[in-house]
Asks: 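Would you mind keeping the following structure in view while I ask a few things?
Residue numbers run from 1 in the order of the sequence given. Heavy-atom basis, side chains included; hydrogens, waters and symmetry copies ignored.
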Amino acid sequence: MTTAVYPGSFDPITLGHYDIIKRGSQLFDHLIVAVVANPSKSPMFTVEERVELIKKSIAHLSNAREIEVCGFEGLLVDFMHEHKCKTILKGLRFVSDFEYEFQMALTNRRLDRKVETLFIPTDYKYSYLSSSIVKEVGSLNGDIAEMVPLEVLNDIKERINATKK
């Protein structure tokens, strides 16, 4: 069985993330979506909430049983060891993503020579999209309906509105 880990903060999940999850789950027998707890960031959603938003977003997929969603803290390579996995899946939007992600891939490879990182480009429709854009547009009362999975649109709107008060 081939397994890959798709790590990220997913705060909140966007259609770009969803695209990579869906496509990654078709490339591997088992995909683990690893939601990172990054202490240097101030997330809008807790790790547990982000895990639930992702699960809600993918529940309708025919192969949803082969997709595991969980949170983690610490080094990604340690998470990889815990899950006996050697492949990291990363989505790319632009060259700027590649520069950062390439640096991270080399760091992970330095920490464990057996870990490989595979990059796939996001669908062009989502190349502009990021969680930060979703939060900014939403906080300014813009329409985020075509930015996030429909299954979690109201959850995200409610949180954005709650943070404005």
Side-chain angles (χ1 to χ4, degrees), residues 1-38 41 43-73 76-94 97-98 100-101 104-105 108 115-138 142-161:
M1 173 189 287
T2 59
T3 300
V5 173
Y6 175 37
S9 57
F10 308 102
D11 185 44
I13 184 173
T14 69
L15 286 173
H17 296 133
Y18 175 83
D19 174 57
I20 300 299
I21 292 169
K22 185 177 174 184
R23 290 166 53 209
S25 71
Q26 294 166 350
L27 294 171
F28 298 94
D29 298 321
H30 182 224
L31 181 68
I32 302 171
V33 180
V35 180
V36 66
N38 188 338
K41 290 186 177 182
M44 180 174 283
F45 293 93
T46 66
V47 169
E48 296 77 19
E49 290 170 330
R50 288 179 269 159
V51 165
E52 289 308 311
L53 289 173
I54 295 167
K55 287 180 178 179
K56 197 172 177 180
S57 298
I58 65 170
H60 69 280
L61 294 176
S62 62
N63 64 341
R65 288 189 331 266
E66 285 81 33
I67 305 170
E68 179 182 352
V69 185
C70 56
F72 81 98
E73 292 183 50
L76 179 56
V77 293
D78 292 339
F79 181 86
M80 304 291 287
H81 294 158
E82 286 175 37
H83 290 82
K84 297 175 178 43
C85 185
K86 304 276 185 231
T87 307
I88 299 169
L89 179 65
K90 295 297 288 191
L92 296 176
R93 294 170 296 186
F94 297 111
D97 281 350
F98 178 76
Y100 174 77
E101 295 299 349
M104 294 307 302
N108 288 323
V115 170
E116 295 289 352
T117 302
L118 300 179
F119 300 106
I120 58 174
T122 191
D123 189 299
Y124 72 92
K125 296 182 292 199
Y126 309 122
S127 61
Y128 73 96
L129 194 51
S130 69
S131 295
S132 298
I133 293 286
V134 169
K135 290 185 275 193
E136 185 172 344
V137 170
D143 184 10
I144 60 169
E146 293 185 11
M147 297 180 181
V148 301
L150 184 59
E151 297 82 1
V152 296
L153 175 61
N154 288 333
D155 299 296
I156 295 169
K157 284 172 137 181
E158 286 173 15
R159 181 57 56 87
I160 289 171
N161 289 332

Asks: Within the distance-only criterion (no hydrogens, no angle test), does the side chain of Asp19 pair as donor or acceptor with the backbone N or O of Thr122 below 3.5 angstrom?
Replies: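 No, because the side chain of Asp19 does not come within donor-acceptor range (under 3.5 Å) of the backbone of Thr122.
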Asks: Suppose we call two aromatic rings close when their centres sit under 6.0 Å apart. Are Tyr124 and Tyr128 close by that rule?
Replies: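 Centroid distance Tyr124-Tyr128: not below 6.0 Å, so no.
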Asks: Any side-chain donor-acceptor pair under 3.5 Å between Asn63 and Ser25?
Replies: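 Asn63 vs Ser25: donor-acceptor pair found between side chains.
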Asks: Calculate, to the nearest 0.5 Å, the distance between atoms CG and NZ belonging to Asn161 and Lys157 respectively.
Replies: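 With rounding to 0.5 Å, CG (Asn161) is 8.5 Å from NZ (Lys157).
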Asks: With a 4.5 Å heavy-atom cut-off, do Phe72 and Val47 have their side chains touching?
Replies: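 No, side chains not in contact.
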Asks: Do Val36 and Ser9 come within less than 4.5 Å of each other through their side chains, counting heavy atoms only?
Replies: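 Yes. Closest side-chain heavy atoms under 4.5 Å.
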Asks: Does His30 reach the side chain of Ile32, with side-chain heavy atoms less than 4.5 Å apart?
Replies: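 Yes. Closest side-chain heavy atoms under 4.5 Å.
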Asks: If I compare all heavy atoms of Ser127 with all of Phe94, which pair ends up nearest, and what's the gap?
Replies: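 The pair with the smallest heavy-atom distance is O-CE1, 2.8 Å.
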Asks: To the nearest 0.5 Å, tell me how far Arg93 CZ sits from Leu129 CG.
Replies: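 The CZ atom of Arg93 sits 7.5 Å away from the CG atom of Leu129.
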Asks: Classify the angle between the aromatic ring planes of Tyr6 and His17 as parallel (below 30°), tilted (30 to 60°) or perpendicular (above 60°).
Replies: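 It falls in the tilted class, 30° to 60°.
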Asks: Does the side chain of Lys90 reach to within under 4.5 Å of the side chain of Leu118, using non-hydrogen atoms?
Replies: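 No, too far: nothing below the 4.5 Å cut-off.
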Asks: Tell me whether Arg159 is salt-bridged to Asp155, with the criterion being a basic N under 4.0 Å from an acidic carboxylate O.
Replies: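 Looking at Asp155 together with Arg159, the answer is no, because their closest N to O distance does not fall below 4.0 Å.
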Asks: Take Lys125 and Glu146 through the salt bridge (charged side-chain N to carboxylate O under 4.0 Å, His left out) test and state the conclusion after the steps.
Replies: CA-CA 10 Å; Lys125 296 182 292 199; Glu146 293 185 11; over 6 Å; no
Asks: How many angstroms lie between CD1 in Ile160 and CD1 in Ile156, if you round to the nearest 0.5 Å?
Replies: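 Spacing of CD1 (Ile160) from CD1 (Ile156) equals 7.0 Å.
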Asks: With rounding to the nearest 0.5 angstrom, report the CD1 to CZ distance, Ile54 to Phe45.
Replies: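 Output value for this atom pair is 11.0 Å.
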Asks: What's the shortest heavy-atom distance between Pro121 and Arg23, and which atoms?
Replies: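 Nearest pair, atom of Pro121 first, then Arg23: O-NH1, 2.8 Å.
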Asks: Is atom CD of Gln26 surrounded by more than 12 heavy atoms (other residues, nucleotides or ligands) closer than 6.0 Å?
Replies: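 Atom CD in Gln26 is crowded, with more than 12 foreign heavy atoms closer than 6.0 Å.
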Asks: What residues form a side chain to side chain donor-acceptor pair (under 3.5 Å) with Asn108, not counting sequence neighbours?
Replies: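 None.
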Asks: Rounded to the nearest 0.5 Å, how far apart are CD1 of Ile133 and CE of Met147?
Replies: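 So the gap between those two atoms works out to 7.0 Å.
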Asks: Decide side chain to side chain contact (heavy atoms under 4.5 Å, CB included) for Tyr18 and Ile20; before the verdict, give the C-alpha distance in whole Å, the side-chain angles of both, and the deciding distance to 0.1 Å.
Replies: CA-CA 5 Å; Tyr18 175 83; Ile20 300 299; over 6 Å; no
Asks: Closest approach of Ala145 and Asp143, non-hydrogen atoms and distance?
Replies: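 Reported closest heavy-atom pair: N-OD1, 3.0 Å.
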Asks: With a 4.5 Å limit on heavy-atom distance, are the side chains of Ser57 and Val152 in contact?
Replies: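 Side-chain contact under 4.5 Å: yes.
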Asks: Find out whether Ile13 and Ile21 are in side-chain contact, i.e. whether some heavy atom of one side chain is under 4.5 Å from a heavy atom of the other.
Replies: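 With C-beta onward as the side chain, the pair touches.
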Asks: Over all heavy atoms of both residues, which pair between Phe10 and Ala34 is shortest? Give the atoms and the distance, please.
Replies: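 Reported closest heavy-atom pair: CE1-O, 3.7 Å.
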Asks: Could you tell me whether Lys135 and Asp11 make a salt bridge, using a distance below 4.0 angstrom between a side-chain N and a carboxylate O?
Replies: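 Here Lys135 pairs with Asp11 in a salt bridge, since their nearest N and O are under 4.0 Å apart.
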Asks: Contact between Thr14 and Ser130 at the side-chain level, heavy atoms closer than 4.5 Å - yes or no?
Replies: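 When only atoms from C-beta onward are counted, Ser130 and Thr14 do not touch, as no gap falls below 4.5 Å.
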Asks: Please tabulate, for side-chain N and O atoms in residues 78-89, each donor-acceptor pair with protein atoms closer than 3.5 Å (sequence neighbours left out).
Replies:
unit_1: His81; atom_1: ND1; unit_2: Val77; atom_2: O; d: 3.4
unit_1: His81; atom_1: NE2; unit_2: Asp112; atom_2: OD2; d: 2.5
unit_1: His83; atom_1: ND1; unit_2: Phe79; atom_2: O; d: 3.1

Asks: How many angstroms lie between atom NZ of Lys56 and atom CG of Leu150, to the nearest 0.5 angstrom?
Replies: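 So the gap between those two atoms works out to 10.5 Å.
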Asks: Please examine the side chains of Glu101 and Leu92, heavy atoms only from C-beta on, and report whether any two atoms are closer than 4.5 Å.
Replies: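 In contact.
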Asks: I'd like to know whether Leu31 forms a side chain to side chain contact (heavy atoms under 4.5 Å, CB included) with Thr3, so could you lay out the CA-CA distance, the side-chain angles of the two residues, the decisive distance to 0.1 Å, and finally the verdict.
Replies: CA-CA 6 Å; Leu31 181 68; Thr3 300; over 6 Å; no
